[in-house]
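Have a look at the structure below before the remarks.
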Amino acid sequence: MPRRPRIEIAGIYHVINRGVEQRDIFKEPADYEYFEELMCFYAKSYGITIHNYCLMTNHYHLLIEITSENLSKFMRQLNMNYAIYFNKKYKRVGHLWQGRFKSWYITDEAYLYTLMCYIEQNPLKANMVKTLEEYPYSSYNYFLRDHIPECLSNSWIAQNYGNDKQSIVEMLNSPIDIEQLKALKKAASLIEAPNIDKKPNTEVLKRRFSKIKEIKERNAMICKSYEEGYSQHMIAKVLGLAQSTVHGIIKRGRK
């Protein structure tokens with residue numbers, strides 16, 4: 001039976017992929033560097049924003065944003081071309097990846113901020129380094145350079161902190177409580193993108209707001225729609241609001 005396509009809507013995704021049988025997918029510096037090269041090349045080709053990334057020995061984390069339904073195309077090119085390179089270099093055959101990549105759609109900004117720290121701190125948690133500055137295969141050190149690479153120039157960190165290196169260091173080194181991380185994940189309705197072909201019905205959402213004229217009533221409907229499973233991103237898009245505005249309305253509505 002053929003696999004059904006993933007749901008793909010514009011927004012930010014946390015993507016993870018691992019080596020088959022948890023084997024190493026990076027063996028020397030050149031491997032990490034080639035993956036980064038491919039990642040940046042295809043991100044530009046598909047108009048994808050890379051917010052954060054971390055390449056570990058046998059897996060990787062990406063925090064990326066898409067504006068059209070091309071996440072699978074981007075990941076297919078990235079994983080396929082790296083696998084060809086790796087198998088040829090190390091004279092091996094067979095699958096390099098454990099399976100199809102896993103992706104989660106980020107619907108809550110509180111989780112987004114914590115996730116950026118979590119991704120960058122992977123080498124620290126794995127006891128591979130004592131400071132984040134020591135690890136060369138993540139986006140962390142690129143943010144501290146005078147000139148940020150093109151593929152990270154539109155990232156959340158670059159857009160919000162610019163050259164304020166001290167603020168970047170303080171934010172990405174913020175302590176993470178794993179239990180708090182799990183709670184945020186649940187509260188944020190972080191949903192693993194399933195292999196289904198049904199997309200959220202934006203027309204239903206549009207009709208909900210079409211006859212609302214009062215801001216108070218609109219805000220109440222925003223909170224209700226969010227509780228029923230509509231993402232902040234989708235609500236913001238339908239209403240023509242910034243996602244941060246929708247987030248603030250929902251946050252105040254919970255008090």
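- Side-chain contact between Ile66 and Phe74: absent, with no pair of heavy atoms (C-beta onward) separated by less than 4.5 Å.
- Residues Leu205 and Ser225 have side chains in contact (heavy-atom distance under 4.5 Å, counting atoms from C-beta outward).
- More than 12 heavy atoms of other residues, nucleotides or ligands shown are found within 6.0 angstrom of CD on Glu133.
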Chi angles and distances behind the side-chain contact (heavy atoms from CB on, under 4.5 Å) call for Tyr137, Asn141: CA-CA 8 Å; Tyr137 308 120; Asn141 279 301; over 6 Å; no
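- Checked against a 6.0 Å centroid threshold, the rings of Tyr142 and Tyr140 do not count as neighbours.
- Of the possible donor and acceptor atoms, one in the side chain of Asn122 sits under 3.5 Å from a partner among the backbone N and O of Tyr118.
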Stepwise side-chain contact (heavy atoms from CB on, under 4.5 Å) test for Ile64 and Ile12: CA-CA 6 Å; Ile64 60 179; Ile12 300 176; over 6 Å; no
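- Judged by the 6.0 Å and 45° rule, Lys73 forms no cation-pi pair with Tyr46.
- A salt bridge links Lys165 with Asp146: the closest approach of a Lys/Arg side-chain nitrogen to an acidic carboxylate oxygen falls below 4.0 angstrom.
- Looking at Tyr53 and Glu36, their side chains do bring a donor and an acceptor atom within 3.5 Å of each other.
- Here the side chain of Trp97 pairs no donor or acceptor atom with the backbone of Arg18 at under 3.5 angstrom.
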CA sep, side-chain torsions, deciding dist, call: Glu120, Asn52, side-chain hydrogen bond (donor to acceptor under 3.5 Å, both in side chains): CA-CA 7 Å; Glu120 299 290 359; Asn52 300 82; 2.9 Å; yes
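- When all heavy atoms are compared, the tightest approach of Met128 to Thr57 is CE-OG1, 3.9 Å.
- Residues forming a salt bridge (charged side-chain N to carboxylate O under 4.0 Å, His left out) with Arg208 (at least two apart in sequence, or on another chain): Glu228.
- Cluster annotation: Tyr34 is connected to Tyr90 through the hydrophobic network of ILVMFWY side chains, with a link wherever side-chain heavy atoms come within less than 4.5 Å.
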Show me the side-chain donor-acceptor pairs of residues 80-87 shorter than 3.5 Å, one per line, residues at least two apart or across chains.
| from | atom 1 | to | atom 2 | distance (Å) |
| --- | --- | --- | --- | --- |
| Asn81 | ND2 | Tyr42 | OH | 3.1 |
| Asn81 | ND2 | Gln77 | O | 2.8 |
| Asn81 | ND2 | Gln77 | OE1 | 3.2 |
| Tyr82 | OH | Ile25 | O | 2.5 |
| Tyr85 | OH | Asp31 | OD1 | 2.6 |
| Tyr85 | OH | Lys89 | NZ | 3.2 |
| Asn87 | OD1 | Arg92 | NH1 | 2.5 |
| Asn87 | ND2 | Gly94 | O | 3.2 |

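- Going from atom CZ of Arg252 over to atom NE2 of His247 covers 10.0 Å, rounded to the nearest 0.5 Å.
- Of all non-hydrogen atoms in Tyr135 and Cys54, the two that sit nearest each other are CE2-SG, 4.2 Å.
- Residue Leu63 is tested with Leu112, Val15, Thr49 for a side chain to side chain contact (heavy atoms under 4.5 Å, CB included); the sole match is Leu112.
- A heavy-atom distance below 4.5 Å is not found between the side chains of Phe101 and Ile16.
- Ring pair His51/Trp156: centre-to-centre distance not below 6.0 Å.
- With a 6.0 Å radius and a threshold of 12 heavy atoms from other residues, nucleotides or ligands, Glu28 has its CD atom above the threshold.
- Using cut-offs of 30° and 60° for the angle between ring planes, the Tyr60 and Phe35 rings count as tilted.
- Without hydrogens or angle criteria, Gln159 side chain to Ser153 main chain gives a donor-acceptor distance under 3.5 Å.
- Rounded to the nearest 0.5 Å, atoms CG (Leu239) and NZ (Lys237) are 13.0 Å apart.
- Using a distance-only test at 3.5 Å, with no hydrogens or angles considered, a donor-acceptor pair links the side chain of Gln121 to the main chain of Ser174.
- In this structure a side-chain-to-backbone donor-acceptor pair under 3.5 Å is present from Ser45 to Phe41.
- A distance of 12.5 Å separates OH of Tyr113 from CG of Leu115, quoted to the nearest 0.5 Å.
- The shortest distance between side-chain heavy atoms of Ser139 and Ile50 does not fall below 4.5 Å.
- Rounded to the nearest 0.5 Å, atoms CD1 (Ile48) and CG (Asn70) are 4.5 Å apart.
- Contact check for Pro149 versus Cys40: no side-chain heavy atoms found under the 4.5 Å cut-off.
- Side-chain contact between Met75 and Leu62 is present, with heavy atoms from C-beta onward closer than 4.5 Å.
- A donor-acceptor contact under 3.5 angstrom links the side chains of Glu134 and Thr131, judged on distance only.
- For the pair Asn17 and Arg100, the minimum side-chain heavy-atom distance is 4.5 Å or more.
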Candidate pair His59 and His61, rule side-chain contact (heavy atoms from CB on, under 4.5 Å), full reasoning: CA-CA 7 Å; His59 70 284; His61 292 264; 3.5 Å; yes
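- Taken from CG in Leu38 to CD in Glu33, the straight-line distance is 12.5 Å, to the nearest 0.5 Å.
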Derivation of the side-chain contact (heavy atoms from CB on, under 4.5 Å) call for Ile222 and Asn219: CA-CA 5 Å; Ile222 286 174; Asn219 292 353; 4.2 Å; yes
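- Val93 belongs to no hydrophobic cluster, as no Ile, Leu, Val, Met, Phe, Trp or Tyr side chain comes under 4.5 Å of its own.
- The backbone N or O of Tyr13 sits nowhere less than 3.5 Å from a side-chain atom of Glu65 that would complete a donor-acceptor pair.
- The minimum heavy-atom distance linking Met171 with Ile157 is given by the pair SD-CD1, 3.6 Å.
- Glu21 has a carboxylate O that lies under 4.0 Å from a charged side-chain N of Arg23, or vice versa, which qualifies the two as a salt bridge.
- Rounding to the nearest 0.5 angstrom, the gap separating the CG atom in Leu71 from the OG atom in Ser103 is 5.5 Å.
- Looking at Phe143 and Ile148, their side chains come closer than 4.5 Å, going by heavy atoms from C-beta outward.
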